[in-house]
Structures are given as C-alpha cells and as structure tokens.
Amino acid sequence: MAPHDVRRPFKRPAISDQERRRQHSLLRQAQNRRDAQHHARCLASTVLSLPTLAPEPESSPSENPEPWQENLDVLGASKLKAAEARKWFAKQLMHPEWMIDIPNNLSQDWFVFSRPSGKRCFVVSCNGTTISRLRNGSILHRFPSALPAGARKKDSGPSQTYSILDCIFHEGDQTYYVIDMVCWRDYSLSDCTAEFRFFWLNSKLAETGACDLPSRYHKYRFSLVPVYSCDSNGLYAAYSAPVPYVKDGLLFYNKHAHYQAGITPLALVWKDENCSQYVMDTDSKGQVPNQQQVVLELQDDGKLTTSDDPPVVFGCLDGSFIQQSGLQSGCLLRFSIGEGGIVLMDGKLEKADLHYLGKANRARASADSFSKVMFQYSVRHSPLRIDGLLESVSISVDEENKACDIEMDG
Amino acid sequence: MEVTQVLLNAQSIDGNVRKHAEDSLRQFQEQNLPGFLVSLSGELASEDKPVDSRKLAGLILKNALDAKDESRKQELVQRWLSLDPVAKTQVKSCLLQTLSSLVTEARSTATQVIAKVAGIELPQKQWPELIGSLLSNIHQVPTHVKQATLETLGYLCEEVSPQVVDQDQVNKILTAVVQGMNASEGNNDVRLAATRALYNALGFAQVNFRNDMERDYIMRVVCETTMSPEVKIRQAAFECLVSIAAMYYEKLAPYIQDIYNITAKAVRGDEEPVALQAIEFWSTICDEETDILEEYIGDSNGDSDVPCFYFIKQALPALVPLLLETLLKQEEDQDLDEGAWNIAMAGGTCLGLAARTVGDDIVPLVMPFIEENITKPDWRQREAASYAFGSILEGPSPDKLAPLVNHALPFMLSALVKDPNNHVKDTTAWTLGRMFEFLHSSIVGTPIINEGNCQQIITVLLQSMKDVPNVAEKACGALYFLAQGYEDVGPTSPITPFFQQIVQSLLTVTRREDATESRLRTAAYETLNEVVRCSTEEITHLVVQLVTVIMMELHKCLETQNLSSDGKEKRSELIGLLCGCLQVLIQKLGSLESTKYVVLQFSDQIMGLFFRVFACRNATAHEEAMLAIGALAYVMGPDFAKYMPEFYKFMEMDLQNFEEYQVCAVTVGVVGDICRALEDKILPYCDGIMTQLLKNLANDNLDRSVKPPLFSCIGDIALAIGDNFNKYLMYAMNTLQLAAEMYAHTAGFDDEMTEYINTLRNGILEAYSGIFQGFKNSSKTQLLIPYAPHILQFLDSIYMEKDMDEVVMKTAIGVLGDLADTLGSNAGSLIQQSLSSREFLNECLTSEDHLIKESAEWAKLAITRAISV
C-alpha cells in the first residue's frame with residue numbers, strides 16, 4: 001500500500017485545447033443529431049412541423065430573386081450575419097391591421113391586450129448572447145440575458161439553441177415586454193396557433209428567470225403582458241386595468257392564427273385617446289395636421305397604392321405630372337385627404353380626394369396600409385368607440401345563447 | 001516437475017534459459033491448472049525455498065487471478081471459481097500459512113494474493129471463514145504476523161466492496177485496525193500497516209461513523225497517529241484525514257479545531273510529504289464545500305443532502321496566513337520541472353480553492369501580503385506575492401477584484417518584461433492570464449482592458465513570447481484568455497488592429513528551436529486557435545490567408561524525413577497541432593455564408609494533406625485529422641461524397657483501432673457527421689461501415705467508452721439511408737435487443753457504472769429513434785412491427801428501474817413518440833398497454849426539464865394520432 005499522491009493541476013488550464021476541440025465536436029455532433037431527429041419528427045407531423053417563416057418556394061425562381069434567403073427557416077437565419085440577418089429579420093415581424101370594423105365572434109375567437117408603447121423588436125437569444133432587432137432589422141441592444149443561451153453561463157443549457165421573442169422595448173422601465181413567441185429553444189412556434197403560443201410563452205418565459213430583475217448575466221428585464229380572452233370582462237380589463245407601462249392602444253389576436261410575417265388581418269390594433277397618446281397621426285413636428293395625410297406608393301402605370309398585398313389603388317397620377325415632378329415608380333408620396341373624403345362602396349374603395357403634398361420622409365420604408373388610412377379616416381369622422389366594442393362582445397354572447405337555445409329545443 | 005528450479009531459471013540473465021523456463025511454466029499451466037496453482041502456492045509457503053522462487057510463485061499466482069483488462073479479468077475470475085475445490089482449499093491454506101513466514105517478501109506477496117482471492121470469492125459468499133481466521137492472527141504474539149495480517153486486511157478492503165462484508169465483520173476489522181494504530185502498539189511496522197489499512201477500510205465505516213462514540217474513538221486515534229515519531233506513519237495518518245474529509249465531511253464539526261491545530265503544525269514544521277497531506281486536507285474541505293454550495297445554488301429548494309458547515313470561512317483568518325507562508329518555500333527552477341510538486345505549489349493551490357469557496361472574504365486577508373512583498377528585492381517574496389494574487393482571482397466577485405486588478409495591471413505588465421527572475425516572470429504571466437480569464441469579458445462588468453491599455457498589454461505579451469520557453473508559454477496562455485474575453489464583442493473587436501501582428505508572433509513562436517520545451521509550441525497553437533475562434537467578421541480575409549499558411553506548415557512537416565525516434569514523436573505532435581488548427585479554421589470559415597467558399601475552394605488540398613497524415617502511424621495525429629474531417633464534411637454537405645472512395649479506407653482502418661480507442665471513438669463520431677452530410681449518398685459504404693460497427697459492438701477488447709457512440713451511430717446511418725437500412729435491420733435489431741436486455745437493470749452497480757449504463761441506454765435508444773424515423777412514411781414500416789413489443793418492454797423496464805438520467809429520459813420518451821409516429825395504428829393497442837405510454841409519459845409531461853417536456857409533448861401527439869386512427 002504505497003502512499004497516495006495528492007498532486008493537483010498547477011498553473012495549467014483544467015482542460016486542454018485538444019480536449020476542448022474534441023468536446024466541441026461531440027457537442028456539435030449531438031446537436032446535429034438532435035436537429036436531424038427533430039427535423040425527421042417534424043416532416044410528417046402537421047402540428048409540430050418546423051416551419052419556414054418565409055413563404056414556401058412554390059413560385060418560380062424568377063419571381064424569387066434570393067431564393068436561398070427566402071427559404072431560410074429560423075435556424076438557418078441564425079447562421080446569417082450582419083447585413084443579411086438585418087434584411088431577413090426586417091421581413092419577419094407580424095404586423096396587425098388597423099381595426100376598421102369589428103370581426104365576427106370577437107368574444108370567442110380573439111384575445112385582447114393593451115400594447116406597451118415603445119420600440120417593437122425581435123429579441124434573439126443564441127450562442128451566449130441576446131440581440132434585439134428593430135422593425136428595420138437593425139440592432140437595438142446586444143446584451144446578456146437569462147433567456148435560453150442568452151448569456152455566457154455554464155448553466156444556461158446548450159449554447160447553440162435559438163429563441164426568438166416578439167417584444168416591445170419600453171424605455172420608461174427599460175423592460176422588454178414580450179407580446180409573442182416565435183421560436184423557443186430551436187422549436188419554431190410560428191405554425192402554432194396564438195392560443196398555443198401564448199400558453200407556451202406564459203409557461204416557458206418565467207422558467208428561465210428572464211422575468212427577474214436585471215443582474216450580471218441578465219441586463220434587461222423581460223415581462224409578460226396580461227392577455228385576456230376578448231369577452232366583455234377581458235376587453236374591459238385590457239382597456240382599463242392599470243399596467244406598469246404606457247399603453248399604446250389595444251391589440252386583438254385571433255386565437256387560431258399562426259404567426260405570419262407581414263401585415264395580417266388576424267391581428268388588429270385599435271386605439272382611442274384613453275389608451276394611447278398617439279391616436280391621430282402627427283406630422284414631422286409632432287403636430288396633428290388639419291387634414292389627414294397618407295403615404296402611398298407610385299406604381300409604373302401612375303397608380304397610387306397602399307402597402308397591402310395585393311395593393312389597394314387610391315388614385316392615379318398622370319404621366320406629365322410625374323415627369324414634371326421628377327418622380328419614379330416606387331417613390332413614396334405624401335397626400336392630404338380633402339373635403340371630398342374617402343368614399344366606400346360595399347366595403348370597397350370607390351374614390352378618395354387626394355391632394356399631392358410631396359415626397360414622403362426618407363426614413364419611411366413603405367406606404368400606409370389600407371386599414372391604417374381607413375382607421376385614421378374614421379378617427380376623424382366616425383370613430384369606433386370602446387362602447388361599441390364592448391357592446392359587440394356582449395351582443396355576441398347573447399347571440400350564442402340564442403343559438404344554443406334553438407339547438408336544445410330542436 | 002521441479003518447480004523451484006524452473007522459477008529460478010525464469011529469472012535467469014541467460015535469455016535461452018529464461019525462455020525455456022517460461023515455456024515449461026506455460027505448459028504446466030495449460031496441462032494441469034489446479035496442480036500448477038497448488039504447487040506455486042506450496043512454493044510460496046515453503047520456508048526452505050529460495051526467496052526469489054517464492055516471490056515469483058506468488059506473482060504468477062496473483063496474475064492468475066487478476067488482469068488490468070476487464071474482459072481478461074472476468075475470464076480469470078470465472079476460471080478460478082470453476083477450479084477444483086480441493087485445489088482451491090489447498091492454495092488458500094498455503095497462502096494463509098505464508099502470513100506467518102519470517103521472510104518479509106514472501107509475507108508481503110501472500111497478503112496481496114489473499115486479497116485477490118477474497119476479491120473473487122467474498123462476493124460469491126465463498127471463503128466465509130477468511131476474515132475470522134485473519135482476525136484471530138491479530139492477537140498472535142509475533143509482530144510480523146500481526147503486520148502481515150493488517151496489511152492483508154488493508155488490501156482486502158481495497159479489493160472488495162463494502163456491501164460484501166457483514167457489519168459484524170466490519171466492526172471487527174475496524175476494531176483490529178484501529179487498535180493496531182494505537183500508540184500503545186509498540187511496533188512501528190504494525191502501526192504503519194494498521195494506519196494504511198484504515199485508509200482502505202474507511203469506506204466500510206459508514207455505520208461506525210454514525211455512532212458518536214465509535215467515531216470519536218477512530219478520530220482520536222487518527223489524530224494521535226499524526227503525531228507518531230515515524231514520518232511514514234504520520235503521512236499515512238494524514239492520508240486518512242484527507243480521505244475522511246472527502247467521505248465524512250458532515251461528521252467533522254466536533255474535530256475541526258483540533259485538526260486545524262494538527263495540520264498547521266505539520267504545514268509549518270513537518271517533513272514535506274507530511275506537510276503536503278496536511279495541506280491536502282484543507283484542499284479537500286474546499287472541494288467538498290464548493291460542491292455543496294454549488295448544489296445549493298442549483299437546488300432552489302435549498303434542501304441539499306449535506307449541509308455546509310463553512311469550515312473554510314471560519315478557519316480563514318488562520319488558514320490564509322498559514323498558506324501564505326508556504327508560498328515563500330519555492331524550489332529553484334520548479335517551473336522547469338514538469339513533475340514538480342512541493343509545499344509552495346500545494347499551498348498556492350489550496351489558497352485558490354479557498355478563494356473559490358469563500359469568495360470576497362479572502363481578498364482583504366491576502367492583499368496586504370501582496371502589497372508588502374511584490375516589490376521586495378528577494379525574488380521569492382515577489383514570486384509569492386504574484387502567485388497569491390493569481391490564486392485568488394477565481395471566486396471573489398469581479399466588483400471586488402476589478403479595482404485591484406486595474407491598479408495592479410501596469411505594475412504586472414512592467415514586471416513581466418523587467419523582472420530579472422524567470423520564476424517571477426513565469427508567475428506574473430500566469431497571473432495576467434488569470435486576470436483575463438476571470439475578469440475580462442466583453443459582455444459584463446467593469447472592463448479591465450480598455451482602449452487605453454489594450455495596445456500596451458498586447459505589446460508586452462508579444463514581447464514576453466520571445467522570453468525563455470516557460471515564460472513564453474504563460475504569455476501565450478494570457479493571450480489566449482485575452483482573445484477569449486472578446487468572444488462576444490460584436491462586429492468590431494479591440495484586438496482586430498493587432499490580429500496580424502499576433503498571428504505573426506504566434507507563428508514565430510511555433511518555429512522557435514526550443515518550442516518543444518515547456519509545452520510552448522502547443523500553447524502557441526492553442527492560442528492561435530482561440531484568436532481565430534474569437535476573430536470578428538471584419539478580418540475574415542486574414543483568417544483566409546492563415547489557411548494557406550497552416551496548410552503549408554503541414555505540408556512541410558509531412559515532408560521531413562529520417563528522424564530519430566524522438567524527432568518522429570515531435571513531428572507527430574506537430575502534425576496533430578496543425579490538423580487541430582485546420583479544424584478550427586474550417587469551423588470558423590464554414591460558419592459564415594460569406595467565407596464558406598474558402599473551405600470549399602481548399603477542400604481538395606486539405607483532404608490531400610489529411611490523407612497523407614493518415615499514412616503516419618500516430619494516434620493523436622489521426623484523431624485530430626478525423627475531427628477536422630468531421631468539421632469539413634459538416635460544411636461541405638453532400639459534396640463531401642467525392643472524397644469517400646479514398647477516405648473510406650482510412651475510416652475503416654481507424655474504426656478498427658481498438659488499441660488507441662480514442663481514435664476509434666472520434667472516427668465513430670465522424671461517421672455520424674458524414675451520414676448527416678451525405679444522407680443517402682453514404683449508401684455504397686454502409687455495408688462496410690455497418691459490419692464494422694456491429695463487429696466493434698461485439699468486441700470485448702474495445703474500450704467501453706466507445707460503445708454508446710457506436711449505438712448512436714447505427715441510428716445516424718438508419719436516419720441517413722431510410723428504409724435502405726432494411727438489409728441491416730435484423731442484425732442491428734438483434735444487437736440492440738441483446739444490449740437492451742443486458743442494460744435494462746442497474747441493481748447492484750455503483751454510481752459510476754449506473755452512469756455508464758445510462759449512456760449505453762441513450763445510445764441504444766438513439767439507434768431505435770434513428771431506425772424508426774428512417775422508416776417513417778416508407779412502404780416497409782411493417783418490418784418494424786415485430787420489434788415493437790420488445791422496445792416498449794425495454795422502455796417500461798428502464799422506467800420502472802427509476803434510475804434514468806435526464807438525457808436518457810428525453811431520448812426514451814422520444815423513442816415512444818417515434819414508434820407511435822412510424823407504426824401508427826399498427827401499434828396503437830400495444831402502446832396503450834405499455835406503462836410508458838401512461839405513467840412515464842405523464843411524468844415526462846410534467847418534467848421541469850424543458851427538453852424532456854418537449855419530447856414528451858411530441859410523443860403524446862404521436863400517440864394520440866396512433867390511437868385515434
């Protein structure tokens with residue numbers, strides 16, 4: 001029984017670089033195996049399929065100038081760098097239409113919550129860091145967070161996992177309010193219903209400690225927004241219950257809708273003076289102009305269109321005017337709406353009294369959407385009031401009861 | 001046969017005589033094993049035989065009972081168990097008789113052989129009288145018999161596991177051993193044997209340590225023994241204290257003050273081997289408390305099994321000065337001696353562990369020592385100060401340390417260049433590295449490196465890299481952590497302007513004539529790798545240039561010929577380092593869409609070089625080249641197929657490298673990489689690969705750590721080739737089923753074995769997953785139906801064992817989902833009958849582990865569909 005040696009490592013890193021390379025390879029292999037398995041599991045499964053956020057490549061290549069980018073899923077996007085990532089992320093946020101009429105079944109099929117005022121952004125956590133990107137794809141913050149793989153910490157799980165949250169950064173309390181979850185630990189939720197996404201968001205976010213106060217490895221706090229089912233109690237609570245943030249209108253999300261990049265009618269925004277500082281659009285000086293202003297895009301044929309897909313035509317400029325003013329197709333132009341107003345026929349635009357003001361601010365990325373123009377128009381003329389909304393949700397409950405009665409009698 | 005002469009001849013200096021004797025012995029053994037063993041034991045027991053023949057007889061006996069190789073060992077165990085009982089009794093009786101021999105060598109050989117026999121027989125409930133008859137020896141008058149008996153008990157405790165021995169016998173063994181240690185025992189040989197025996201017997205004393213009176217007695221005797229006049233006994237007693245610290249930490253509170261006094265005295269005044277053990281006691285307490293405190297943090301309920309007694313925190317005001325004293329007892333040139341381990345090194349190491357344990361509290365106790373000594377004319381004081389500083393950088397909060405480090409940095413940088421003493425410079429560079437390792441990060445905290453000093457730091461480090469090898473090596477290490485701290489810096493890094501200069505300096509270091517001393521070349525390449533890993537996108541063009549440089553280095557290295565054996569070894573090492581560097585470059589460039597093309601562009605040449613590397617017979621070189629190829633295949637995807645015809649030969653060769661199992665393990669992983677890269681293009685090679693994988697799984701000589709990845713690899717292949725896997729299905733399923741049956745239960749295994757079995761289960765389950773997913777949506781799914789009952793049964797039985805770790809749980813519940821998903825309604829009723837689909841699934845659905853929960857949600861969905869259709 002020889003004496004027992006007590007030598008300990010001295011002035012050496014505990015792990016050699018070769019061992020690190022070996023472990024790195026093992027990790028990568030395990031991760032790749034998981035990805036391959038995950039991918040295989042998703043192929044035949046409609047509910048859990050790992051979706052591509054961008055449209056499927058069904059269109060011909062000529063219509064699709066950057067097919068490799070279009071086809072990327074969120075995991076693919078994680079490998080993009082700088083400029084490409086910026087472009088890609090700029091297209092991925094889901095934007096609500098403005099509520100210009102009340103959807104059917106608002107009380108059953110919709111959620112409602114008050115929208116925090118602030119900077120809308122994607123928050124991406126991966127590889128030990130967290131990055132928030134604004135609507136245009138540019139980076140707002142790069143910081144450590146308690147989100148999965150959001151900080152360089154031993155216990156934050158595998159560092160390659162990838163999570164994306166749809167957030168609003170609220171300056172007042174320096175908090176990211178999470179309004180949707182797009183991807184969680186490599187698990188895309190964009191083809192899941194809003195109901196499922198909110199459920200997942202609620203159960204997963206707090207687990208990570210992301211809602212805790214800031215600390216060394218967690219620079220900004222994350223917070224959930226109270227989401228209500230849009231019955232009369234829920235709607236009233238969303239409208240009037242106190243929240244820790246400055247409100248900017250109400251958001252309505254259809255419970256069955258997937259997360260869809262771009263503008264969608266399955267998410268709606270509505271506001272009045274009570275729940276938003278900015279009901280009516282202001283000009284560059286922050287003043288509300290006398291007449292409503294709209295921004296439209298000039299097309300090849302002189303037509304003036306909204307940013308919708310397909311675009312809505314609001315009017316037309318004649319060729320000579322275009323030439324005189326040195327305008328080109330694709331230009332964003334500003335118009336005011338005159339006394340003639342906007343005339344609708346069966347819900348479709350009949351005509352609009354447009355007056356040319358000039359080119360739009362260069363910072364503008366796109367024209368106004370139809371719903372935005374119409375919402376602003378109605379705010380000035382016959383606004384959709386909270387009473388009307390509350391009434392519609394209580395009526396629909398009555399209607400449901402009636403329908404029920406009939407069935408039971410039958 | 002006259003065995004004495006043959007045994008003597010077998011030790012002859014004449015090769016022919018020796019060979020002849022060895023042949024005779026082998027023949028004897030083959031023809032009549034019982035007779036052979038009996039006559040060897042007789043030889044060992046005969047007092048009138050020469051000592052040399054007796055010793056060799058004992059040694060051959062020992063080797064007939066045990067082997068290093070696990071499968072060989074099992075063979076020998078079985079052989080002994082099935083031996084003629086009469087012969088066994090004779091052998092054992094001779095062995096026990098030898099304990100009374102007057103010849104020390106014969107006795108000492110017999111003690112070991114007895115322990116080996118006990119190691120085989122006691123777990124089988126055989127030789128029940130052994131311990132009793134040993135204990136009866138203890139009371140014999142001749143001290144040499146007592147000594148041999150205690151030694152036998154010590155070896156016995158080392159050989160057999162505590163469960164095998166009744167508590168009643170444990171009590172008797174411990175009583176005998178502790179009495180043997182007692183000061184009243186006049187004979188030092190007996191005391192030493194007893195103290196060493198206690199070291200091994202401590203693992204048996206669980207129950208006795210729970211009894212206050214018995215524990216007090218053991219502790220008192222151990223503490224008294226640390227004061228024996230005989231240095232070896234004191235050392236052995238301190239070894240016992242170290243082992244007690246690790247095993248019975250929670251029982252130490254009543255004794256800790258006394259132990260502090262004893263250890264302090266030993267550290268200050270005793271001989272080095274004793275002092276080292278005394279320091280090791282406190283290092284072990286640090287280990288224990290860090291583990292407990294880490295568990296506190298991990299376990300939010302706060303109900304850890306073992307409470308922390310904060311011994312280190314309490315002892316700190318006395319312990320720190322004690323350790324600081326040791327730092328001044330350095331040996332000259334200890335940094336040049338790889339094997340050095342002395343009191344200064346142990347003391348500094350313990351100081352570092354204490355800092356990790358208590359955090360901020362240690363800082364005010366150490367700072368005065370640093371401030372007082374760092375400028376002293378005696379190099380020992382300057383070195384000790386710097387070493388103390390470096391030691392406490394891990395543990396205390398960055399907020400506490402950053403101001404101190406900021407204050408000290410200019411001085412340290414200047415010392416690194418100007419101090420006349422190499423030892424001081426070595427430690428200074430190491431301390432700088434520790435500062436960067438623990439306090440420099442682009443993400444958080446007060447930066448210690450800023451625009452103002454970044455350039456100076458880099459300049460000093462690069463200059464220091466021209467110093468003697470041991471100092472240059474530490475400077476490389478510091479640069480490594482400097483680069484690492486900027487890993488997440490974002491698009492622009494402060495070291496970008498120096499990238500070229502750094503790379504150039506590192507390459508210059510790798511070409512130094514003395515680069516093979518002090519690990520310098522390895523350190524330089526490791527740092528180069530880290531600098532590349534952490535480089536930002538703005539300088540990828542420089543990283544691209546590096547590819548050709550490293551390729552050229554590798555080419556030149558492969559060209560060198562006619563080397564001495566030492567030269568060959570160094571060349572192989574360099575090849576390994578260069579392949580490692582290429583791996584890092586491939587990963588770096590392959591990870592960016594904008595630079596991927598570089599990898600594709602150079603891939604032919606790189607593969608050409610790797611093929612030449614495979615021609616060298618060196619494990620590390622093969623391993624590194626394989627890892628690099630895995631990375632390359634990952635970047636290239638299906639295009640990698642063009643290298644397969646040539647690469648396949650090497651892959652097959654390395655899959656068969658059982659000797660250097662690391663090579664085999666790495667190659668198995670690379671096969672997985674290639675499966676995912678090539679998908680069904682790997683099909684032409686699958687016959688060969690599958691044959692090799694299955695052969696390896698059946699091979700008992702292959703290191704066991706390779707088996708789990710071998711199973712997983714079968715899954716990778718199945719997933720890649722889909723229902724083409726059909727032709728291997730029967731063989732693969734057969735192997736998997738056998739393995740599943742073997743590893744369904746862990747009862748009776750220790751923690752380490754249970755952990756290993758879990759990695760095996762994970763591999764088996766990953767294979768099942770791959771196979772099911774591979775066959776999904778194929779017309780051949782019905783081929784899998786016959787295997788479903790067994791797989792479900794396997795899931796049920798490992799669930800019932802309740803010993804799965806999280807990884808296995810996640811994989812297992814995933815397999816349930818895959819089975820349901822692929823077989824659908826074909827397996828609906830089977831699944832419904834299984835326990836896994838109910839209790840196990842529910843348990844996973846409510847798991848706190850998100851990966852398990854997600855897999856469970858997937859499984860639930862798949863099962864719902866399978867049942868509803």
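Chain letters run A, B, ... following the sequence lines, proteins first, then strands; residues in each count from 1. If you're wondering where the values come from, they're calculated on a predicted model, not measured in any experiment.
- Annotation for Trp430(B) and Lys11(A): closest pair NE1-CA, 3.3 Å, computed over non-hydrogen atoms.
- By the neighbour-count criterion of 12 heavy atoms within 6.0 Å, atom NZ of Lys255(A) is densely surrounded, having more than that number from other residues, nucleotides or ligands.
- If you measure heavy-atom distances from Arg142(A) to chain B, the contacts under 4.5 Å come from the side chain alone.
- Using a 4.5 Å cut-off between heavy atoms, Thr522(B) does not touch chain A at all.
- Applying the ring pair (Phe, Tyr, Trp, His ring centres under 6.0 Å) test to Phe111(A) and every residue at least two apart in sequence or in another chain returns Phe198(A).
- In summary, Asp399(B) and Arg216(A) do not engage in a salt bridge, as defined by a charged side-chain N under 4.0 Å from a carboxylate O.
- Between chain A and the residues Ser712(B), Gly672(B), Ala346(B), Gly817(B), the most heavy-atom pairs under 4.5 angstrom are made by Ser712(B).
- Contacts between Tyr387(B) and chain A at a heavy-atom distance below 4.5 Å involve the side chain alone, from C-beta outward.
- Using a 4.5 Å cut-off between heavy atoms, Thr427(B) contacts chain A through both its backbone and its side chain.
- Counting heavy-atom neighbours within 6.0 Å of Lys204(A) NZ, excluding the residue itself, gives a total above 12.
- Residue Asp287(B) touches chain A through its side chain alone, counting heavy-atom pairs closer than 4.5 Å.
- If you measure heavy-atom distances from Val242(B) to chain A, you find no contacts under 4.5 Å at all.
- Interface residue Lys853(B): only side-chain heavy atoms are found under 4.5 Å from chain A.
- Only the backbone of Ala340(B) has a heavy atom closer than 4.5 Å to any heavy atom of chain A.
- Applying the salt bridge (charged side-chain N to carboxylate O under 4.0 Å, His left out) rule to Asp716(B) yields the partners Arg33(A), Arg676(B); only residues at least two apart in sequence or on another chain are considered.
- Between Arg8(A) and Trp341(B), the shortest heavy-atom distance links the atoms O-CZ3, 3.3 Å.
- Contacts of Glu766(B) with chain A are made by both backbone and side-chain atoms, with heavy-atom separations under 4.5 Å.
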